[in-house]
J.: 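Pasting a structure below so you can have a look.
Residue numbers count from 1 along this sequence.
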Amino acid sequence: MSMPKSAEAIKNNLHVHVLESKNFKTVTVELKFQTLVDRATITERNLLPGVLRAGTKRFPTASAIQDELDDLYGASLQLYQSVSGNCHILTVQMEYANERFIENENNLEENIFGFLNELLFNPKISQVGFDKNTVAQEKEKLRKNLKASKDDKSSYAGERLIDEMAIGELDSIHPSGYLEDIDKISETGLYATYKNLLETARIDVFVAGDVNPEETKELIGAVLSGVPDGSDKRLSGGAALPSDVKLVEKPKTIRESDEIQQAKLHIGYRTQTIFTDADFEALMIGSMILGGHAGSLLFTTVREQHSLAYYVGADLDLYSDKMIIFCGIAPKDYEKTVEIIDEQVAILKAGTFSDEVLEDTKAMMIGSYQQALDGIAGIIATEYQKILTGTLKSPQDMIEKFKSITREDIQRATSKLERDTTFFLTSKGEE
């Protein structure tokens, strides 16, 4: 597969990336609107995928949109929002048949981008903003989802850990929004938030498949006519990463109690290493050795040897300077579990893990990256990672680095790990 050396900004800060490949019979398009995450608008932005999917001026209902997708030879449409580090991203994705394989069809690609232009820049609105009934329905869906997430105690514990660990940092903002903000959202305010998003976001368009790069870029420039004028507020590459890493001033422990049987223990570490640092790949392997698979240090000790945890693992955030250890335990086993976790982190830093776990972990990491490059979604995701991190580091570069990582590399990378915040959600009466 041939990859572009750089994206082309064809108009108004619209960055087009054509990932040409003969390996796929379908074509995938992703438009990504990237801004810094904002506490004031994050709840509203969670409503936008559903509101936009509900209708446009030309296709005023969800069923009318689906009829148009059917006419576009069964094209699929997905809208979703996500947060990566400091950045909020609204993604619109379409997958459609390659017109080269359809007899007497020469306008499908143009019609696809015409549909996207209609969807994004001509949404169904009333005199005061988005359609009132649609907004009300999406607000109720979000309310139910947020209440359900509060009932998921593992999710709640992870959220509370970041609340306490990342005070004042953008990644402390809840990606799914805030229950207390929903009632304040109006169709007028939501429409204003959407227009502001379009005017200030960095806009990247990815087209992956067997297409002609120059023709596709020219077509996008002509058909995506609704893209607003450029803005000096639009982000450049690397905006997802923190501007600096933080040292731990004083470790802290937060305890809460609830009507639960299984306690949730989440421990946050500062890594003092971010994606652009030379040691990051070694840190990735180290976190996997610690708690990334069934042969990891935490799984084999906390769960298998001592039977303390119902689940246990470690997760390294690609876009921040944090690593999280998480587990579900009996409330009475808190002290013992923390002691064993500390022992495993010490083993990781000392490099006294086995050759077998090192080689198995490297093979797993290499395999997962190679697998990502076998599908269009993975190819686009890894290309977009370069924009979020502001690097030219490719998955192939990372795979080569994984292969050469030594025990000493992992010791050096993990020696900087410091425990920052411990959050323990226990049962009432055990606190």
Side-chain angles (χ1 to χ4, degrees), residues 1-11 13-35 76 78-96 98 109 112-113 116 120 201-221 224 227 234-241 274-277 280-281 284 317-320 365-402:
M1 188 179 100
S2 61
M3 290 285 188
K5 293 182 179 178
S6 62
E8 184 176 349
I10 57 173
K11 57 185 280 190
N13 294 315
L14 180 64
H15 302 270
V16 177
H17 317 253
V18 180
L19 311 177
E20 186 185 7
S21 173
K22 306 287 186 185
N23 298 335
F24 307 104
K25 293 195 180 299
T26 60
V27 180
T28 297
V29 175
E30 288 192 14
L31 280 82
K32 293 182 176 290
F33 298 80
Q34 177 195 359
T35 60
S76 66
Q78 291 189 64
L79 293 92
Y80 57 92
Q81 67 89 41
S82 59
V83 170
S84 295
N86 291 337
C87 289
H88 173 275
I89 301 130
L90 173 67
T91 299
V92 182
Q93 181 194 73
M94 290 191 72
E95 184 178 355
Y96 60 96
N98 193 318
E109 188 175 34
I112 289 288
F113 284 104
L116 286 169
L120 289 165
R202 176 194 166 109
I203 306 172
D204 288 275
V205 183
F206 291 87
V207 184
D210 185 7
V211 295
N212 182 300
E214 295 309 315
E215 288 180 4
T216 297
K217 289 175 186 176
E218 185 178 344
L219 183 65
I220 291 170
L224 283 183
V227 176
R234 297 190 196 275
L235 300 177
S236 56
L241 299 180
I274 61 173
F275 187 88
T276 50
D277 293 334
F280 192 77
E281 284 79 6
M284 291 177 75
D317 187 346
L318 287 183
Y319 300 106
S320 79
M365 188 70 87
I366 291 165
S368 68
Y369 267 71
Q370 288 174 332
Q371 186 176 10
L373 293 174
D374 288 339
I376 287 184
I379 291 168
I380 294 175
T382 50
E383 282 298 303
Y384 194 54
Q385 184 174 278
K386 296 178 185 178
I387 295 164
L388 293 171
T389 58
T391 71
L392 294 176
K393 188 190 295 185
S394 71
Q396 292 88 345
D397 296 332
M398 298 179 76
I399 287 169
E400 289 307 309
K401 197 157 186 182
F402 291 145

J.: Nearest 0.5 angstrom please: F280 CZ to K393 NZ, how far?
T.: 7.0 Å
J.: Can you name the closest pair of heavy atoms from A239 and Q34 and give their distance?
T.: CB-NE2, 4.1 Å
J.: Please examine the side chains of I387 and R202, heavy atoms only from C-beta on, and report whether any two atoms are closer than 4.5 Å.
T.: yes
J.: T91 and E30: side-chain donor and acceptor closer than 3.5 Å?
T.: no
J.: Report the residues that fulfil side-chain contact (heavy atoms from CB on, under 4.5 Å) with E400, sequence neighbours left out, ordered by chain and then residue number.
T.: K403
J.: A side-chain contact here means heavy atoms from C-beta on lying under 4.5 Å apart; do F113 and V29 qualify?
T.: yes
J.: Compare all side-chain heavy atoms of T216 with those of E20 and state whether any distance is below 4.5 angstrom.
T.: no
J.: With side chains defined as the heavy atoms from C-beta onward, is the minimum distance between V211 and E215 less than 4.5 Å?
T.: no
J.: Look up atom OH in Y96 and atom CD1 in I112, then write down how far apart they are to the nearest 0.5 Å.
T.: 6.0 Å
J.: Take L19 and E383, measure what side-chain contact (heavy atoms from CB on, under 4.5 Å) needs, and give me the verdict at the end.
T.: CA-CA 9 Å; L19 311 177; E383 282 298 303; 3.9 Å; yes
J.: Side chains of L116 and V205, heavy atoms from C-beta outward: is any pair under 4.5 Å?
T.: no
J.: Of all the heavy-atom pairs spanning N86 and L241, show the shortest one and how long it is.
T.: ND2-O, 3.1 Å
J.: Distance check, rounded to the nearest 0.5 Å: F24 atom CZ versus D374 atom CG?
T.: 7.5 Å
J.: Taking all non-hydrogen atoms of both residues into account, name the closest pair between A240 and S84 and its distance.
T.: CB-O, 3.5 Å
J.: Atom CE in M94, atom OG1 in T26: separation rounded to 0.5 Å?
T.: 12.0 Å
J.: Can you sort out the partners of Q385 under side-chain contact (heavy atoms from CB on, under 4.5 Å), two or more places apart, ordered by chain and number?
T.: F275, L318, Y319, T389, M398
J.: How close do L388 and C87 get, counting heavy atoms only, and between which atoms?
T.: CD2-CB, 4.5 Å
J.: Minimum heavy-atom separation for V18 to P213, with atom names?
T.: CG1-CA, 3.8 Å
J.: Any side-chain to backbone donor/acceptor pair from N98 onto K25? Under 3.5 Å, distance only.
T.: no
J.: Just how far is it from atom CD of Q370 to atom CD of Q396, taken to the nearest 0.5 Å?
T.: 9.5 Å
J.: Applying the side chain to side chain donor-acceptor pair (under 3.5 Å) criterion to D204, which one of K32, H17, H15 satisfies it?
T.: H17
J.: Would you mind reporting whether L224 and I203 have side-chain heavy atoms less than 4.5 Å apart?
T.: no
J.: Identify, with sequence neighbours excluded, every residue that meets side-chain hydrogen bond (donor to acceptor under 3.5 Å, both in side chains) alongside D210.
T.: K22, R100
J.: Can you tell me how far CD of E281 sits from OH of Y369, rounded to the nearest 0.5 angstrom?
T.: 8.0 Å
